[in-house]
Enquirer: 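One structure is given below, represented as structure tokens, and several questions about it will come after.
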Protein chains: 2
Amino acid sequence: MTHNPSSLSRPSERIIEAASRLFFRQGYCSTGINQIISESGVAKASFYTHFPSKEALAMAWLRQREERWIEQLTERISQHQLTEKRVSAMYTMWYDQIREEGYRGCGFINMAGEFSDEKSPVRALVRDHKERVRQVVANNVLNEYRPMMEPEVFDELVNTIYSLFDGAIIQAQNFMQDWPIDSAMKTSMKTLSHYRSGAVL
Amino acid sequence: MTHNPSSLSRPSERIIEAASRLFFRQGYCSTGINQIISESGVAKASFYTHFPSKEALAMAWLRQREERWIEQLTERISQHQLTEKRVSAMYTMWYDQIREEGYRGCGFINMAGEFSDEKSPVRALVRDHKERVRQVVANNVLNEYRPMMEPEVFDELVNTIYSLFDGAIIQAQNFMQDWPIDSAMKTSMKTLSHYRSGAVL
DNA sequence: TAGGTTTTAGACAGACCTGTCTGTACGGAG
DNA sequence: CTCCGTACAGACAGGTCTGTCTAAAACCTA
């Protein structure tokens, strides 16, 4: 072993690790293959034996991020029984992500923004991810509310809570401040109690 | 006059017109100078006499878009007296933009996503634009509510309505559907009546 | 130790990028 | 008509990009 800057043994892991950092921080277009192989300490030929193209690497990274992200979200949610606490746990995830990765917003949305063709597999993956988050809101967060209201009203509530949650991170990214997340959480709580009290529509 | 595909006389106008279309549809990185000059029917030398760089063109476009956008928003709002109608008018603007330009989301946010350096003038312009939208919400849309509540409560309401409005377009872009806008508008209305009834916090 | 697989470094091709430069054509003002 | 500012076409430079290729070195297993 001649050179191992990131202390990860397998090249493919080092590549994804570097791609994760660079794609997230700099964006897809602004990050070159040469920078990725340089920072992961991998030869260019090795890169192309593991990944057929730059876009394939992006897909691999997004798939890994999706898996870990959903896993972490559901894990955080499952630690609480009260619906309000579960909603709160979702927002804590945004806070923690900001503390960890800075105000870089949602890696999926940022990525989708660089692929203007809506038929691109990257766009499809991002859509699937967001749909899955919405499903988590419906099935893992608000499930307790489901029998309390008509299905269409429940769907409306799910869409609202999901939109508030997901819109918050983009605002925080733009302003580089926390207040959009605070604001979204407060509105989520109010919306929740509003629906619970039966004063819907 | 040898060639005038866009029927606009002055070259700088044709350039900005082409840039507007291409930057908005394809993104900044994916749009080359050569495509812009080709589609605007302008010589490369002419381009560089009017704009010192590609980024300067992007700035010029964003400034124009900002001006027209705020102008249109305030104009639409001013046509109504009731606060609820004014909020509704904001969302009508999103609907109309989607009908006109497709599900391409917010041109400012998309642009900001391609400039990872938060000190970039493009990022500053986008932040200023969003702050200005928030000011419009405070001064032109919700102004009637201001004397009804404490200043910090009013600010909270402004942030909520603004975040709902601005988050909706990103969701609509991702899903290529209208429902996030419907959802945000409904939540805005409920939030409004909630605050109005005095049942805040 | 032997053999086959993986990784290494880096040159290279071909395309594309921004921005500069040369030279020509046109059109209005004096 | 002459002059001058503006726009034209397009070659060109210098750099960057992705992806391919060569050939040697390292590694693992038998």
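Within every chain, numbering begins at 1; the chains are lettered A, B, ... in the order of the sequence lines, protein sequences first and strands thereafter. Small disclaimer: the values here were computed from a predicted structure and weren't measured. As a basis for the values below, the full set of heavy atoms in this structure was taken, side chains included, without hydrogen atoms, waters or symmetry mates.
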Enquirer: Find out whether A:Val87 and A:Phe165 are in side-chain contact, i.e. whether some heavy atom of one side chain is under 4.5 Å from a heavy atom of the other.
Expert: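 No - every pair of side-chain heavy atoms lies 4.5 Å or more apart.
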Enquirer: Between A:Tyr28 and A:Phe115, does the ring centroid distance fall short of 6.0 Å?
Expert: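 Yes; A:Phe115 has its ring centre under 6.0 Å from that of A:Tyr28.
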Enquirer: Calculate, to the nearest 0.5 Å, the distance between atoms OG and CZ belonging to A:Ser120 and A:Arg127 respectively.
Expert: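 Answer for the OG-CZ pair, A:Ser120 versus A:Arg127, is 8.5 Å.
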Enquirer: Expressed in angstrom and rounded to an integer, what is the separation of A:Ile37 atom CD1 from D:dT20 atom P?
Expert: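 Distance, rounded to whole Å: 13 Å.
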Enquirer: Does A:Asp155 have any salt bridge (Lys or Arg N to Asp or Glu O under 4.0 Å) partners at least two apart in sequence or in another chain, and if so, which?
Expert: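 Result, salt bridge (Lys or Arg N to Asp or Glu O under 4.0 Å) vs A:Asp155: none returned.
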Enquirer: Decide if the gap between the ring center of B:Trp69 and the ring center of B:Trp61 is smaller than 6.0 angstrom.
Expert: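 Centroid separation for B:Trp69 and B:Trp61: 6.0 Å or greater.
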Enquirer: Please tabulate, for side-chain N and O atoms in residues 43-51 of chain A, each donor-acceptor pair with protein atoms closer than 3.5 Å (sequence neighbours left out).
Expert:
unit_1: A:Lys44; atom_1: NZ; unit_2: A:Asn34; atom_2: OD1; d: 2.9
unit_1: A:Thr49; atom_1: OG1; unit_2: A:Ser46; atom_2: O; d: 2.6

Enquirer: Side chain of B:Ala43: nearest nucleotide among D:dG19, D:dC8, C:dT7?
Expert: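 Selected nucleotide (nearest to the side chain): D:dC8.
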Enquirer: What does the B/S/- profile of nucleotides 12-17 of chain D look like, 5' to 3', with a 4.0 Å heavy-atom cutoff to protein?
Expert: ------
Enquirer: Examine D:dT6: is either OP1 or OP2 under 4.0 Å from a nitrogen or oxygen in the side chain of B:His50? Give yes or no.
Expert: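 Negative; the distance criterion is not met.
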Enquirer: Among D:dG19, D:dA9, D:dA7, which is the nearest nucleotide to the side chain of B:Thr49?
Expert: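 Per side-chain heavy atoms of B:Thr49, the pick is D:dA7.
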Enquirer: Rounded to the nearest angstrom, tell me the gap between atom CZ in B:Phe47 and atom P in C:dC21.
Expert: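 To the nearest whole Å, that distance equals 16 Å.
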Enquirer: Would you indicate, yes or no, if C:dT8 has its OP1 or OP2 atom less than 4.0 angstrom from a side-chain nitrogen or oxygen of A:Arg14?
Expert: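 Yes, within the criterion.
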Enquirer: Tell me: CD1 of A:Ile15 to P of C:dT7, nearest whole Å?
Expert: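 Value for this atom pair: 9 Å.
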Enquirer: Measure from CG on B:Leu57 to C1' on C:dT18 and round the result to the nearest Å.
Expert: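 Result: 13 Å.
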Enquirer: Just the rounded figure in Å: distance from P of D:dC28 to CZ of A:Arg10.
Expert: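 Between P of D:dC28 and CZ of A:Arg10: 14 Å.
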Enquirer: Roughly how many Å is it from CD1 in A:Ile36 to P in D:dT18, rounded to a whole number?
Expert: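 Whole-Å distance recorded here is 8 Å.
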Enquirer: Checking contacts here: which listed nucleotide (C:dT20, C:dA9, D:dA7) is nearest the side-chain heavy atoms of A:Ala45?
Expert: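 Shortest atom-to-atom distance from the side chain points to C:dA9.
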Enquirer: Considering the options B:Arg21, B:Arg65, B:Arg25, which one meets the salt bridge (charged side-chain N to carboxylate O under 4.0 Å, His left out) requirement together with B:Glu101?
Expert: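 Checked B:Arg21, B:Arg65, B:Arg25 against B:Glu101; only one passes salt bridge (charged side-chain N to carboxylate O under 4.0 Å, His left out): B:Arg65.
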